[in-house]
Student: 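Following this message is one structure expressed as structure tokens.
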Amino acid sequence: MGLTLILSQLLNGLQYGVLLFLLAAGLTLVFGIMSFVNLAHGSLYMLGAYFAATVFRHTNSFILAVLAALVGCLAVGVVLERTAVSRLYRRDHLDHVLVTFGLVLFFNEMVQIIWGSQPLFLPVPSWLDSTVSILGMTYPAYRVAIIVVGLLVAIGAHWLIHKTRLGMLIRAGSVNPQMVGALGVNIKLLNALLFALGAMLAGLAGAIAGPILSVQSGMGEPVLITTLVVIVIGGIGSVSGAFYAALVVGVADTLGRAFLPIMLHQFMARDLANAAGPAIASMLIYVLMAVVLAIRPQGLFAGGK
């Protein structure tokens, strides 16, 4: 277990964490402020990957592909919020779950009808198809770019939440939306803006994840489950909490999958360790969530936006 392997897995965990943050940031705002449970958030992530793959196929431009994912998911988010989501704000959370689960099934079938059942290919852009040297270790430049993009989005989100009037309204709305509405703020417009912003971040995550994952129907559900774990650990409604929790979950999941089988080799047969290691590793983040809920039910960073 060399230093190079540990460093590479730490970077992989950081890269996975920033992807989770892009999904968790929008979802925690929608859930924390609008009190809306959006299970279709993973479908927006999936659509972002499909939009990007389609535009790249026709233009061979990765930048245009990412822009298409942002604009396309923004448009889908606006339409969803106006036609379905806005009608459910005053309904019970069970209604939110049922409707958005139906949307998940709808979008999964829709992409199969439009793009087919075979996965699409979204290559790494040529100008990032190289390696960089980090502490004497070579690491893919594209994965470094994902980390940089995620950190820039985190800085931008912090600026938006803490340094702008919109951020002030968002923070106030997460505490007492009725009072914010009574002061003359257009809550419907604020909700629509938050939902659209969350959809754009999900689309961005899907676009930049496309070259390292398979673009296919149903790709949003597994990552949505992990994103919900991030939100619970970080604290519902806290963007800062989502960022820190995403990094913790990303690193814990990656290191667990990489090193648990190696550690188990010391105590059991290799075949058994290879089978048990990934299974135990997949449980790590849920064990972490259970520990956090037992110690601090409101989340580690609740109260800090």
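Residue numbers run from 1 in the order of the sequence given.
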Student: Got a donor-acceptor contact below 3.5 angstrom from the Thr100 side chain to the Leu39 backbone?
Tutor: yes

Student: Calculate, to the nearest 0.5 Å, the distance between atoms OH and OG1 belonging to Tyr50 and Thr54 respectively.
Tutor: 9.0 Å

Student: If every non-hydrogen atom of Leu204 is compared with every non-hydrogen atom of Val149, which pair is closest and at what distance?
Tutor: CD2-CG1, 4.3 Å

Student: Indicate the atoms forming the closest heavy-atom contact of Gly203 with Cys73, along with that distance.
Tutor: CA-SG, 3.4 Å

Student: What about Leu160 and Phe195, same hydrophobic cluster or not, with Ile/Leu/Val/Met/Phe/Trp/Tyr joined at side-chain heavy-atom distances under 4.5 Å?
Tutor: yes

Student: Any chain of hydrophobic side-chain contacts (each under 4.5 Å) joining Leu224 to Val97?
Tutor: yes

Student: Rounded at 0.5 Å granularity, tell me how far CG in Leu293 sits from CE in Met289.
Tutor: 6.0 Å

Student: CD1 of Ile6 to CG of Leu11: how many Å apart, nearest 0.5 Å?
Tutor: 12.0 Å

Student: Atom CD1 in Ile134, atom CG in Leu10: separation rounded to 0.5 Å?
Tutor: 11.5 Å

Student: Please say yes or no: joined through hydrophobic side-chain contacts below 4.5 Å, possibly via intermediate residues, are Leu213 and Leu14 part of one cluster?
Tutor: yes

Student: Quick one: closest heavy-atom pair of Ala245 and Ile233, and the distance?
Tutor: CB-CG2, 3.9 Å

Student: Assigning hydrophobic clusters by single linkage (Ile, Leu, Val, Met, Phe, Trp, Tyr; side-chain heavy-atom cutoff under 4.5 Å), is Leu151 placed with Val66?
Tutor: yes

Student: Just do the side chain to side chain contact (heavy atoms under 4.5 Å, CB included) check on Val30 and Val85 with the steps written out, would you?
Tutor: CA-CA 11 Å; Val30 171; Val85 174; over 6 Å; no

Student: Does any non-hydrogen side-chain atom of Val292 lie less than 4.5 Å from one of Leu300?
Tutor: yes

Student: Within the 4.5 Å heavy-atom criterion, are Val71 and Val55 side-chain neighbours or not?
Tutor: no

Student: Ignoring hydrogens, what is the shortest heavy-atom contact between Gly220 and Val223? Give both atom names and the distance.
Tutor: O-CG1, 3.3 Å

Student: Can you tell me how far apart CG (Leu67) and CZ (Phe62) are? Round to the nearest 0.5 Å.
Tutor: 10.5 Å

Student: Distance-only, no hydrogens or angles: does the Thr59 side chain make a donor-acceptor pair with backbone N or O of Ser61 under 3.5 Å?
Tutor: yes

Student: Looking at Phe101, I'd like to know if its CZ atom is crowded, meaning that more than 12 non-hydrogen atoms belonging to other residues, nucleotides or ligands lie closer than 6.0 Å.
Tutor: no

Student: Do Phe21 and Leu247 have side-chain heavy atoms sitting under 4.5 Å apart?
Tutor: no

Student: Between Gly250 and Tyr16, which heavy-atom pair has the shortest distance, and what is it?
Tutor: CA-CD2, 3.7 Å

Student: Atom OH of residue position Tyr139 - does it have more than 12 heavy atoms of other residues, nucleotides or ligands inside 6.0 Å?
Tutor: yes

Student: Please check if atom CD1 in Ile63 has more than 12 non-hydrogen atoms from other residues, nucleotides or ligands closer than 6.0 Å.
Tutor: no

Student: Hey, quick one: are Val78 and Phe106 part of the same hydrophobic cluster, counting side-chain heavy atoms closer than 4.5 Å, chains of contacts allowed?
Tutor: yes

Student: Parallel, tilted or perpendicular: which fits the ring planes of His96 and Phe36, with parallel below 30° and perpendicular above 60°?
Tutor: tilted

Student: Please test Ile225 against Tyr286 for side chain to side chain contact (heavy atoms under 4.5 Å, CB included), starting from the C-alpha separation and ending with a verdict.
Tutor: CA-CA 10 Å; Ile225 296 173; Tyr286 304 106; 3.5 Å; yes

Student: Is the shortest heavy-atom distance from the side chain of Gln112 to the side chain of Phe107 under 4.5 Å?
Tutor: no

Student: Would a distance-only check, ignoring hydrogens and angles, find a side-chain to backbone donor-acceptor pair under 3.5 Å from Tyr142 to Ile208?
Tutor: yes

Student: With a 4.5 Å cut-off on side-chain heavy atoms, are Ile155 and Trp159 touching?
Tutor: no

Student: Got Arg87 and Val99 here, is their nearest side-chain heavy-atom distance under 4.5 Å?
Tutor: no

Student: Could you tell me whether the side chain of Ser86 reaches within less than 4.5 Å of the side chain of Glu81, counting heavy atoms only?
Tutor: yes

Student: Would you give the length of the straight line joining atom OG of Ser117 to atom CD of Glu109, rounded to the nearest 0.5 angstrom?
Tutor: 10.5 Å

Student: Taking the side chain as everything from C-beta on, heavy atoms only, tell me whether Asn108 gets closer than 4.5 Å to Met46.
Tutor: yes

Student: Under the criterion side chain to side chain contact (heavy atoms under 4.5 Å, CB included), I'd like the reasoning laid out for Met110 against Ser43: C-alpha separation, chi angles, the key distance, then a yes or no.
Tutor: CA-CA 11 Å; Met110 184 190 74; Ser43 296; over 6 Å; no

Student: Could you tell me whether the side chain of His41 and the main chain of Leu23 form a donor-acceptor pair under 3.5 Å?
Tutor: yes

Student: Looking at every heavy atom in both Met219 and Pro222, which two are closest together, and how far apart are they?
Tutor: O-CD, 3.7 Å

